[in-house]
Structure formats: C-alpha cells, structure tokens
Enquirer: 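Okay, here's the structure, questions in a sec.
Residue numbers begin at 1 in each chain, while the letters A, B, ... track the order of the sequences. Reckoned from all heavy atoms, side chains included, excluding hydrogens, waters and symmetry mates.
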Amino acid sequence: MIDENMKVLIVDDFASMRRIVKNTLKQIGFKNIFEADDGTTALAMLKEQKIDLVLADWNMPKMSGLELLKKVKKDEALKTIPVFLVTAEAQKENVIEAIQAGVSNYIVKPFTPDSMKQKLERTLAK
Amino acid sequence: MAKKKILIVDDSKYYSRLLCSNFEDRSFSMKSERRADVALLDIIKWNPDLLITGVEVGDINGYDLCLILRMIPDFAGMPIVLMSSHETDVASRKAAAAGADYYVQKDIDLVVNIERGIERLLFKSDDDPGQEIEKRPIRSVLVVDDSSTMRRIIRNILTSIGIGRIIEADNGATGLKELSENTVDMVISDWNMPKMNGFQFIKSVRANPVFKDLYFVLVTAEGAREIEEAKKAGANDHLCKPFTVESMKTLIDKFRSGSRDVQSKSLH
C-alpha cells in the first residue's frame, strides 16, 4: 500500500510532462507532489524538504536524470531516497550506468496510472 | 555453429535448474539470474539470443524487464518468453502488453512449452512460411495516433516482431514533421485525430512526390465508405479496430514478402 502523505518530487524540463506525471500520481492517491524543472533545482529541494520519492526524466539539459540519480546516491543524506527514471528510449550504456548508480526502476513512456502504481508499491513497500 | 545463448531470470532455483539442465544438453549455452536488475547487466554484456523470465524477479519484475528491453534500441527485437504461475488469461495479456513474444504457464508441461517457444522464436521449420526471403525489410515505422495507449500497444507488437525503430506522433501534423526529419518504411495511422485526422494526413503525404511510394496503413473503426475514401486518397492497406496481434503481424509479413494491395482483416 502507498502512503498518500508521502512527498514526491517530479523532475522534468517539460511542464506538460510534469503535469501528466502529477495527474497520474494524484489518480494513484498522492497528495504532496513537488516539481522541479531541472536537476540543480531538484537537488536544492531534496536538501530542504524530506522527499520520499523522486521521479526524474532521463533527458534534461544541464543535468540529466542519470546525473541527478548519481548525485542523489552519492549524498549521504539523500542516498536512501528511491529514484525512478522516466523515459521512452535509452542507450544500453546509460542503462548500465543507471543500474550501477542504483536506479529503483524505470517508468517507460507511455505509462498508465496502474503500471506506475504497481511499480511504486513494489519499491515503497520495503 | 555457435551455440545459441539463453538467459533465464527467475527467483526460484528450482525452475532455473530445471530449464538449464534440460536445455544445456541440447547444445544451448545457458545462464541464469535471480533478479531482473542483475539480468539486465548480463543481457547488455552477454547479449543472449533468447530471454526466459519469470514475473517475480525483484523490484523490477518480469513485465518491467520486457518493457525496459523494448526501450533499448539494441535489444528491442530480442525474443522474450515470459513464464508465470499466475492465472493464464490475465498473465498472458500482461505479457503481450509488456512486449513479450511468448507466454508459458509454470506447470507440469513447462519444459515442453518452453521448447515450443524456443523452436518458434529461434529456429524456423522447413514448412514455416517465415522461411520466405524478406523482399522488403522494415527497419522503421511511424505510428500516428492521438491515444498514447494505442501507440504503445502498436509499438509493443512491432518490436515483438523485430522492428527496431518506431517513431510516434499524436496527430497528422506532428506526423508530417516526423516524416520530414526521419526515414520510415511504413506509416500506421489512426483515422480520428485532432488537428489533422488520418484522411487529411494521407492526402498531405501523397501530395508530396517524395512520399508517393511510402507504404501507408490506416487503422480505423469506421465503415466501408471511409475505408474506400482512404484507399482513393492513397492508403495501401487498412486494419480494422479492434485488431489483434495476429492481424498486425499478417499485415507486416505481407509487406515484407512483397505482396501488394493486401486486404487485411482483423481476426475475430
């Protein structure tokens, strides 16, 4: 079961994609949803708030989702936060890097609320 | 001849050992992993010819593993067998939606059914029509539909039959933009879309001499009159909704074999 009071951070440089993910999370039942349009802002928010879950787009300028994942997992205060990467396509070398960096799972676009909910439940139940 | 490589992913040592012991004797090179995330690294480094995966294989489950492989261009066409002890109808539908090629139930006939899957996916028998030489290869398909769910369904079917590159657009106008930027072998387009529907889209495509021979398939729930209009506008073929995996595969096979003016019908 998902705790609806969990705080979720959506990181994506496209506002329309953030809206889609936010609406999907609301349908699942999440109430505390935060947004960042790049990795640097996301890192600052992670240090200010107690975020329980990060959903980050893979392809972003300046700091990609993969780079954000690596920074989160290297930070002692943040490394236990589950990070999901949201993507439609990925090169195999980057997938290796993501696994080695500790990605929790992938949300493959296009996704449905049910598929996202099942993945989140599996990870957040631990 | 080099041995075919098979990777098994299952949290149960029993099933992994059962399959490894049965198929290693038959000249396959076998590996097994218990978790999908570890298996993913194996797949990338070892490049198996076939993946057999269970469902409960860690935080990333068997369905996720299929989806992830289909999003990596190098592995989008990898044959995947999904095995499960869950209820067959539900599990096989989920397996197909995730992009698996073959589903088997974990029961007393597991080994026999896996063998059938391996035969179908890795080898072709003498009387298999798939032995025909591919006269028209399909490397890239443009899928145009305003429903992301429908685009995903079509994408999964196309990747399951080995088409490596699928480009998506959510209406005809975006479809035209993608055609100007990408080389595609086939367009599969819905009829009813906002901004520019399928009929307007195909008329625009055929108005450009560059695309006069581009193979265009219309997907429609409309009637015979609309289908006739589409053919007059230049559609090569159509697929009636609701279509099945088999009807889509038949359409693709006929294109590959070089057949023209095919009248594909969904199988009910």
Side-chain angles (χ1 to χ4, degrees), chain A residues 2 14 16-17 19-21 23-24 27 52-59 64-66 69 73 80-126, chain B residues 11 33 35-48 55-78 86 90 93-94 97-99 140 143 145-156 159 164-170 182:
Chain A
I2 289 177
F14 277 108
S16 54
M17 197 61 215
R19 194 165 51 244
I20 291 171
V21 176
N23 287 343
T24 307
Q27 281 187 55
D52 301 296
L53 169 70
V54 177
L55 302 180
D57 185 33
W58 190 292
N59 289 316
S64 69
L66 179 57
L69 164 70
K73 295 303 176 184
T80 58
I81 301 174
V83 178
F84 284 63
L85 288 174
V86 184
T87 183
E89 194 170 287
Q91 296 303 312
K92 60 182 180 182
E93 297 80 13
N94 293 339
V95 172
I96 293 178
E97 279 194 80
I99 294 170
Q100 290 172 338
V103 70
S104 294
N105 208 330
Y106 302 86
I107 308 286
V108 180
K109 294 180 199 175
F111 49 85
T112 62
D114 272 348
S115 65
M116 185 181 280
K117 184 179 177 187
Q118 284 165 22
K119 285 179 212 263
L120 297 184
E121 277 178 342
R122 273 201 302 279
T123 301
L124 298 175
K126 298 199 175 195
Chain B
D11 63 337
E33 294 291 352
R35 290 176 55 92
D37 51 353
V38 179
L40 208 42
L41 292 173
D42 252 358
I43 290 165
I44 292 171
K45 291 172 187 170
W46 192 49
N47 197 14
V55 173
E56 306 298 339
V57 286
D59 283 355
I60 296 176
N61 68 14
Y63 304 122
D64 291 338
L65 183 55
C66 294
L67 284 171
I68 292 166
L69 286 171
R70 296 308 182 214
M71 79 169 182
I72 305 174
D74 289 46
F75 303 109
M78 172 175 285
H86 298 158
V90 172
R93 272 201 302 274
K94 288 176 81 171
S140 175
V143 177
D145 198 306
D146 57 322
S147 162
S148 61
T149 304
M150 187 53 67
R151 292 198 305 271
R152 179 182 172 187
I153 290 169
I154 296 175
R155 172 186 277 271
N156 285 343
T159 52
R165 191 160 176 257
I166 293 128
I167 301 160
E168 295 183 30
D170 58 4
N182 297 280

Enquirer: With no hydrogens and no angle check, is any side-chain donor or acceptor of Arg70(B) less than 3.5 Å from a backbone partner on Met78(B)?
Expert: yes
Enquirer: I want to check something: taking the side chain as every heavy atom from C-beta on, are Arg151(B) and Ile166(B) in contact at a cut-off of under 4.5 Å?
Expert: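 Contact flag for Arg151(B)/Ile166(B) side chains = no.
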Enquirer: Do the side chains of Ile107(A) and Lys119(A) get nearer than 4.5 Å, heavy atoms only?
Expert: yes
Enquirer: Only counting residues at least two apart or in another chain, list the ones meeting side chain to side chain contact (heavy atoms under 4.5 Å, CB included) with Lys94(B).
Expert: Gln118(A), Tyr63(B), Val90(B)
Enquirer: If we define contacts as heavy-atom pairs under 4.5 Å, which of Asp37(B), Thr149(B), Leu40(B), Asn61(B) has the most with chain A?
Expert: Asn61(B)
Enquirer: Just so I understand: if I count every heavy-atom pair under 4.5 Å between each of Leu69(B), Val38(B), Leu67(B), Leu41(B) and chain A, which residue has the most?
Expert: Leu41(B)
Enquirer: Given a strict heavy-atom distance threshold of 4.5 Å, which part of Ile96(A) is in contact with chain B: side chain, backbone, both, or neither?
Expert: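 Contact with chain B is through both the backbone and side chain of Ile96(A).
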Enquirer: Could you tell me which portion of Ser104(A) (side chain, backbone, both or neither) has an atom closer than 4.5 angstrom to a non-hydrogen atom of chain B?
Expert: backbone
